[in-house]
Colleague: 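Once you've had a glance at the structure underneath, I'll fire off some questions.
What you see below is based on every heavy atom in this structure, not just the backbone, and it leaves out hydrogens, waters and symmetry mates. It should be emphasised that the depicted structure is a prediction, and the values quoted were computed from it without experimental measurement. Numbering starts at 1 and runs along the sequence shown.
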Amino acid sequence: MIEQPSAADGPLIPMPALTPAALRAAVAQIAPAQLPSFVEHLGRAVEQAAAQSTISPLRTFLQWWGEFVAIQRYPARAARLRELEGEAEQATDREAVRSALAEMRQITELAHHEISAWATTRPGTTTPMPSTS
């Protein structure tokens, strides 16, 4: 079970607004190596939104990067996710893979719930994203 972080291992930054500008600033601060991926993903989302005449690609972009920031702003959570990814990749039996994937899902679901709760407690910032799980 994933526990909430204690004061000692709390977040590096507050959860940013679920806007491209706020998420870009957060990514630049806590995971600067991922900034090119952020910019590329945003560009693709804008192109898809225009081509499809829908904001769905932009909502998906905000959801994905919101969850990324929600995980990465807690160093212990981000490190555990990386460990689990390595364990799943190196696993030689199904049970080890299932166990790693189950804990990875807990981490990502916790991040999803954090951004959903954040969005619903700040009127006018953004609407909650539909669940992708």
Colleague: Could you grab the distance from atom OG of Ser99 to atom CZ of Arg94, nearest 0.5 Å is fine?
Modeller: 15.5 Å
Colleague: Minimum heavy-atom separation for Ala88 and Val97, please, with both atom names.
Modeller: O-CG2, 4.0 Å
Colleague: side-chain contact (heavy atoms from CB on, under 4.5 Å) for Leu12 and Tyr74? Distances and angles first, verdict last.
Modeller: CA-CA 6 Å; Leu12 296 172; Tyr74 289 95; over 6 Å; no
Colleague: Would Leu84 and Glu87 count as a side-chain contact (heavy atoms from CB on, under 4.5 Å) here? Give the steps.
Modeller: CA-CA 5 Å; Leu84 290 165; Glu87 288 175 19; 3.8 Å; yes
Colleague: For residues Val69 and Pro16, determine if any side-chain heavy atom of one lies less than 4.5 Å from a side-chain heavy atom of the other.
Modeller: yes
Colleague: Looking only at heavy atoms, which two atoms of Ala45 and Phe61 are closest? And how far apart?
Modeller: CB-CB, 3.9 Å
Colleague: Linking I/L/V/M/F/W/Y whenever any side-chain heavy atoms sit under 4.5 Å apart, do Val46 and Ile55 land together?
Modeller: no
Colleague: Just so I know, are the side chains of Leu62 and Arg59 near enough to count as touching, which here means a heavy-atom distance under 4.5 Å?
Modeller: no
Colleague: Going by the side-chain hydrogen bond (donor to acceptor under 3.5 Å, both in side chains) test, name the single residue among His112, His113, Gln72 that passes it with Glu67.
Modeller: His112
Colleague: Ion pair present between Glu95 and Arg98, side-chain N to carboxylate O less than 4.0 angstrom?
Modeller: yes
Colleague: Nearest 0.5 Å, please: how far is CD in Gln106 from CG in Leu101?
Modeller: 11.5 Å
Colleague: So which atom in Pro36 and which in Ala33 form the shortest heavy-atom distance, rounded to 0.1 Å?
Modeller: CD-O, 3.5 Å
Colleague: Mark yes or no for whether Arg73, through its side chain, and Ile13, through its backbone, hold a donor-acceptor pair below 3.5 Å.
Modeller: yes
Colleague: For a 4.5 angstrom cut-off between non-hydrogen side-chain atoms, does Arg24 reach Val39?
Modeller: yes
Colleague: Measure the spacing between CZ of Arg105 and CD1 of Ile107 and express it to the nearest 0.5 Å.
Modeller: 13.0 Å
Colleague: Does any donor atom in the side chain of Trp64 or His41 lie under 3.5 Å from an acceptor atom in the other side chain?
Modeller: no
Colleague: Please report the shortest heavy-atom distance between Met15 and Gly66, naming the atom on each side.
Modeller: CE-O, 3.4 Å
Colleague: Please assess Leu110 against Glu114 for the test side-chain contact (heavy atoms from CB on, under 4.5 Å), listing each intermediate value before the final yes or no.
Modeller: CA-CA 6 Å; Leu110 178 61; Glu114 285 178 9; 3.8 Å; yes
Colleague: Is there side-chain contact between Arg80 and Glu103, with heavy atoms separated by less than 4.5 Å?
Modeller: yes
Colleague: Taking all non-hydrogen atoms of both residues, which atom of Ala96 and which atom of Ala91 are closest, and how far apart?
Modeller: CB-CB, 3.8 Å
